[in-house]
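What follows is a short report on a single structure.
The structure displayed is predicted, hence computed values, not measured ones.
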Amino acid sequence: MNIVIVESPAKAKTINKYLGGSYEVLASFGHVRDLPAKNGSVDPEANFQMIWEIDPKAASRLNDIAKALKGANKLILATDPDREGEAISWHVLEVMKEKRALKDHKIERVVFNAITKQSVTDAMKHPREIDGALVDAYMARRALDYLVGFTLSPVLWRKLPGARSAGRVQSVALRLVCDRELEIEKFVPREYWSLVATLATPRGEVFEARLVGADGKKIQRLDIGTGAEAEDLKKAIESADFTVTTVEAKPARRNPQAPFTTSTLQQEASRKLGFAPAHTMRIAQRLYEGIDIGGETTGIITYMRTDGVQIDPSAITQARKVIGEDYGNAYVPDAPRQYQTKAKNAQEAHEAIRPTDMSRRPSDMRRKLDADQAKLYELIWIRTVASQMESAELERTTVDITAKAGSRRLELRATGQVVKFDGFLALYQEGRDDDGDDEDSRRLPAMSEGEALKRRDLAVTQHFTEPPPRFSEASLVKRMEELGIGRPSTYASILQVLKDRGYVRLDKKRLHGEDKGRVVVAFLENFFARYVEYDFTAALEEQLDRISNNEVSWQQVLKDFWRDFIGAVNDIKDLRVAEVLDALDDMLGPHIYAPREDGGDPRQCPTCGTGRLNLKAGKFGAFVGCTNYPECRYTRPLAADSEASADRILGKDPATDLDVIVKAGRFGPYIQLGEPKDYAEGEKPKRAGIPKNMSPSDIELETALKLLSLPREIGKHPETGQPITAGLGRFGPFVRHEKTYASLEAGDEVFDIGLNRAVTLIAEKVAKGPGGRRFGADPGKPLGDHPTLGAVAVKNGRYGAYVTAGGVNATIPSDMTPDTIALPEAIALIDERVAKGGGKPKRGTKAAGKPARKAAAAKPAKAEADTQAAKPVRKPAAKKAAAKPKSDASSKARAPVTANAKTSAAKTTKPVAKKSAGKASG
């Protein structure tokens with residue numbers, strides 16, 4: 001018997017069918033060991049010895065593997081073909097050695113790039129040993145991320161209350177977003193004018209030409225800076241005669257893009273499909289692990305974590321055949337196209353992401369996939385086929401025109417482009433991050449030199465330069481890749497952790513740096529500048545890649561990093577919080593204290609007039625407060641401009657004649673009626689929150705008065721005679737009757753909802769729970785049945801929508817909508833939750849065919865340390881600590897793995913009963 005180890009149970013089931021009865025395929029459910037989330041797991045003073053701890057959820061699975069080995073003669077490690085997969089295989093092997101489960105067993109490592117019968121059987125014929133250099137690279141990255149997280153995050157907690165954590169790569173990605181915010185804030189618009197004439201040929205064909213020169217001088221885009229200059233040129237053009245000077249047509253070729261890598265797939269799925277990178281990777285994982293085709297589960301794309309752009313020759317042959325069948329031989333190039341990666345060190349350079357069988361056209365697969373899977377598969381298929389198609393042939397035409405007005409001579413230019421042969425453009429065109437108008441794509445009428453033209457119109461337009469756009473998720477991934485920051489398998493998780501921690505927010509597909517994130521970046525730039533520099537981070541990534549190529553020792557890389565890093569940490573240990581805040585106050589001054597329109601001191605307190613504003617730290621992060629606290633309680637959040645931070649008077653309330661003011665508070669903008677001085681002693685001004693879907697700058701007096709009128713009485717309940725009111729709460733608009741609250745649905749307006757509709761909503765809410773209370777059980781929206789856990793339903797919880805079955809709850813990701821989620825998607829989420837150990841089926845139900853109390857739960861596979869939040873770890877009780885000698889509670893460090901020495905001294909600790917509170921952020 002041969003024992004094969006893979007990562008996921010779905011993959012195990014599929015591969016077992018491929019290999020037959022002489023093989024038993026078991027799943028590790030991802031990583032089985034990790035560094036304990038406590039100080040001392042990596043010891044820099046002992047040549048970076050590392051303590052490994054078995055994940056409690058993995059203990060039973062490792063025991064199953066050890067038992068299976070008793071009747072076997074070979075252990076085949078077939079985890080994913082990248083650095084993390086290599087590390088999982090090494091961890092499993094080390095645990096089996098410690099359990100003494102290996103006797104005379106032959107150990108083999110096999111990798112396959114696709115889950116198809118041919119790929120798997122071919123891989124079994126070409127085994128190798130574990131790649132020690134890849135394991136060393138994993139060790140170095142894991143140790144670095146641990147050391148940064150567990151050293152830097154506590155400094156953040158102590159010196160910057162409200163901050164959560166900082167990571168090695170995550171912090172640099174955050175800096176990119178925050179630096180862009182700073183560019184936008186510092187940007188000063190510049191006025192410029194453009195003159196575009198609409199001209200006609202003698203045959204009546206019209207086209208546009210732009211002014212590019214006057215009186216022998218070239219005119220660039222920003223050269224016409226005032227309306228007076230534009231008016232002078234306008235008069236000259238209006239009186240001018242136009243003649244074609246030159247017509248130049250040049251042939252051009254446009255080549256197709258390479259097949260997808262991990263990063264380009266994430267970018268294009270974001271542009272074309274609106275998918276978040278994390279969602280793209282979830283779907284790609286499912287397509288890789290396989291779907292049922294003709295009664296057999298088959299992977300339909302190749303491995304999705306890759307830097308490589310090359311594809312297998314057999315796949316190229318298939319693609320060329322498909323192109324000939326679907327588009328004709330003219331679209332098949334004479335020779336196959338070969339691509340080379342542009343990455344500086346593509347250590348994950350497997351094949352590009354492609355369909356495993358090019359003959360599976362998207363139209364044929366659509367009925368076998370859910371909506372998002374079908375969209376992503378089609379994108380991958382189209383990109384792969386297009387990459388092997390003939391180039392597009394274009395003709396680019398430039399027409400120069402002379403305009404004579406008396407003694408003045410002006411020059412205009414028209415450009416256009418004609419597609420002579422569409423080639424790959426017949427199938428695919430890559431998306432763009434900007435929406436700029438492409439003048440070159442316009443088609444020009446036929447013209448000849450010396451031909452006279454007539455002016456039909458003249459557009460004189462004022463423009464202002466715009467600041468650089470905020471990053472989209474796609475453009476941030478692209479920028480990180482260009483700078484060499486992070487690696488393909490980490491991009492999605494880095495973006496997700498920045499959003500989860502509230503450091504950035506996604507608004508209209510653009511990433512906005514939040515105040516919390518900006519303060520963290522300012523702290524790091526002020527006290528740890530070197531470690532958030534782009535060049536330093538990229539250079540460190542190159543060093544880590546050199547480890548994977550067996551060019552440098554992993555301990556040496558760690559020593560070089562740690563020496564300077566711990567020195568920087570020690571330098572600020574004695575700094576008081578007030579000193580840190582003062583430094584950040586100075587650094588963030590231009591962002592926090594925008595110039596006042598009246599030229600006054602931007603730090604003067606607007607409430608008391610005598611105090612000065614400065615940066616303060618609270619439980620929920622940094623904010624701006626008055627130095628006269630507690631006598632003056634003025635506070636506001638950090639603001640990017642004076643409009644956001646200053647009070648704005650909208651007008652007078654007709655009922656009270658008091659000012660209606662938009663104010664900026666510590667927890668966000670709000671509306672206030674009058675000032676405290678307008679009220680009797682002990683009485684507070686009336687306030688109203690601003691709904692999330694309203695911008696404070698767009699609020700007008702009428703809307704503000706409506707918000708101040710809330711909660712409003714709609715009428716009396718027909719049965720009880722008690723009032724029904726409408727208002728805005730923490731979770732949005734609602735109607736209330738006695739103790740029953742009902743949220744308003746789409747189409748309902750809190751300002752004009754009528755009594756009949758309100759009574760209906762209250763009645764529906766009462767029907768959902770006992771006694772009509774808002775805490776009653778919600779049966780949810782039924783979707784169907786789970787294969788083993790019973791009925792599946794969509795419910796709304798305190799923290800958002802989720803799906804549930806058999807006592808297992810799974811949060812619905814932000815990229816899915818509760819109203820449209822389908823049963824297969826819900827089942828996948830629930831199964832993923834069970835696999836991760838986050839859900840515990842009710843007694844009597846089964847998960848994955850096993851009793852619920854024995855259902856294996858998995859640690860999320862390949863969780864990059866960059867995405868793990870460092871949190872304080874509770875110390876064990878003294879009694880427990882004394883239960884065993886210290887030497888039994890820890891394991892020795894793993895010795896360096898080299899090309900010649902594959903064994904290691906790393907020893908695993910005994911599985912712990914309960915996981916620690918948190919992990920280091922990387």
Side-chain angles (χ1 to χ4, degrees), residues 113-114 116 118-119 249-261 264-265 267-269 271-273 287 291 293-294 298-302 308-341 351-369 371 373-397 415-432 438 440-446:
N113 195 42
T116 63
Q118 181 176 343
S119 295
K250 290 183 178 180
R253 290 171 67 86
R254 185 183 297 177
N255 297 321
Q257 289 80 18
F260 282 130
T261 62
T264 54
L265 175 63
Q267 292 169 45
E268 196 70 343
R271 296 186 194 110
K272 288 187 178 295
L273 307 178
L287 298 178
I291 62 166
I293 298 177
T298 303
I300 60 173
I301 66 168
T302 54
V309 291
Q310 69 276 10
I311 59 177
D312 188 80
S314 63
I316 293 177
T317 302
Q318 274 193 335
R320 289 169 62 85
K321 181 181 177 184
V322 167
I323 295 165
E325 291 172 352
D326 291 6
Y327 293 92
N329 291 332
Y331 288 81
V332 183
D334 293 336
R337 292 187 181 275
Q338 302 294 336
Y339 295 92
Q340 290 185 342
T341 182
E351 270 194 90
I353 304 169
R354 64 166 177 86
T356 54
D357 186 344
M358 301 303 302
S359 66
R360 295 192 187 108
R361 291 166 172 81
S363 56
D364 300 330
M365 300 302 297
R366 200 165 288 127
R367 63 180 178 272
K368 299 174 183 176
L369 304 169
Q373 289 173 348
K375 289 176 185 176
L376 192 66
Y377 178 77
E378 182 176 24
L379 186 64
I380 294 169
W381 188 90
I382 287 174
R383 175 83 167 220
T384 307
V385 172
S387 73
Q388 289 299 319
M389 292 178 75
E390 187 58 89
S391 300
E393 296 178 6
L394 314 170
E395 184 177 82
R396 291 175 180 158
T397 304
T415 56
Q417 182 172 278
V418 177
V419 177
K420 295 289 188 180
F421 173 69
D422 54 5
F424 76 94
L425 294 176
L427 178 62
Y428 177 81
Q429 189 160 353
E430 189 174 48
R432 291 167 47 165
D438 188 0
D440 290 342
S441 64
R442 298 170 183 168
R443 185 166 188 153
L444 295 177

**Request:** Could you list all the salt bridge (charged side-chain N to carboxylate O under 4.0 Å, His left out) pairs where at least one residue sits in residues 328-337, not counting sequence neighbours?
**Result:** Arg337-Glu390
**Request:** Could you tell me if the ring centre of Tyr327 sits under 6.0 Å from that of Phe424?
**Result:** no
Student check: side-chain heavy atoms of [X] and [Y] closer than 4.5 Å:
| X | Y | answer |
| --- | --- | --- |
| Leu379 | Phe260 | yes |
| Pro251 | Glu393 | no |
| Phe421 | Tyr331 | yes |
| Arg354 | Pro259 | no |
| Arg360 | Tyr377 | yes |

Between atom [atom1] of [X] and atom [atom2] of [Y], what is the distance when rounded to the nearest 0.5 Å?
| X | Y | atom1 | atom2 | answer |
| --- | --- | --- | --- | --- |
| Gln417 | Leu444 | CD | CG | 10.5 Å |
| Met389 | Ile323 | CE | CD1 | 5.5 Å |
| Ile353 | Leu265 | CD1 | CG | 4.5 Å |
| Ile311 | Gln318 | CD1 | CD | 10.0 Å |

**Asked** Near Lys368 NZ, under 6.0 Å, is it more than 12 heavy atoms from other residues, nucleotides or ligands?
**Response** yes
**More than 12 heavy atoms of other groups within 6.0 Å of Gln118 CD** = no
Side chain [X], main chain [Y], donor-acceptor under 3.5 Å:
| X | Y | answer |
| --- | --- | --- |
| Glu351 | Asp312 | yes |
| Arg443 | Gly416 | no |
| Tyr339 | Ala352 | no |

**Message:** salt bridge (charged side-chain N to carboxylate O under 4.0 Å, His left out), that's the test. Do Glu378 and Lys375 meet it? Break it down for me.
**Reply:** CA-CA 5 Å; Glu378 182 176 24; Lys375 289 176 185 176; over 6 Å; no
Heavy-atom pair with the smallest gap, counting every atom of [X] and [Y]:
| X | Y | answer |
| --- | --- | --- |
| Ala426 | Asp422 | CB-OD2, 3.4 Å |
| Thr116 | Gly299 | CG2-O, 3.8 Å |
| Asn255 | Ser391 | OD1-OG, 2.5 Å |
| Ala114 | Thr302 | CB-CG2, 4.1 Å |
| Gly308 | Thr261 | O-CG2, 3.4 Å |
| Arg367 | Ser363 | NH1-O, 4.3 Å |

**Option passing side chain to side chain contact (heavy atoms under 4.5 Å, CB included) with Ile300 (candidates Ile380, Asp357, Leu369)** = Leu369
**Item:** For Asp326, salt bridge (Lys or Arg N to Asp or Glu O under 4.0 Å) partners two or more places apart
**Value:** Arg361
**Request:** Could you go through the side chain to side chain contact (heavy atoms under 4.5 Å, CB included) check for Ile316 and Arg320 one step at a time?
**Result:** CA-CA 6 Å; Ile316 293 177; Arg320 289 169 62 85; 3.9 Å; yes
**Request:** Test side chain to side chain contact (heavy atoms under 4.5 Å, CB included) on Thr264 and Gln257 and set out the steps.
**Result:** CA-CA 10 Å; Thr264 54; Gln257 289 80 18; over 6 Å; no
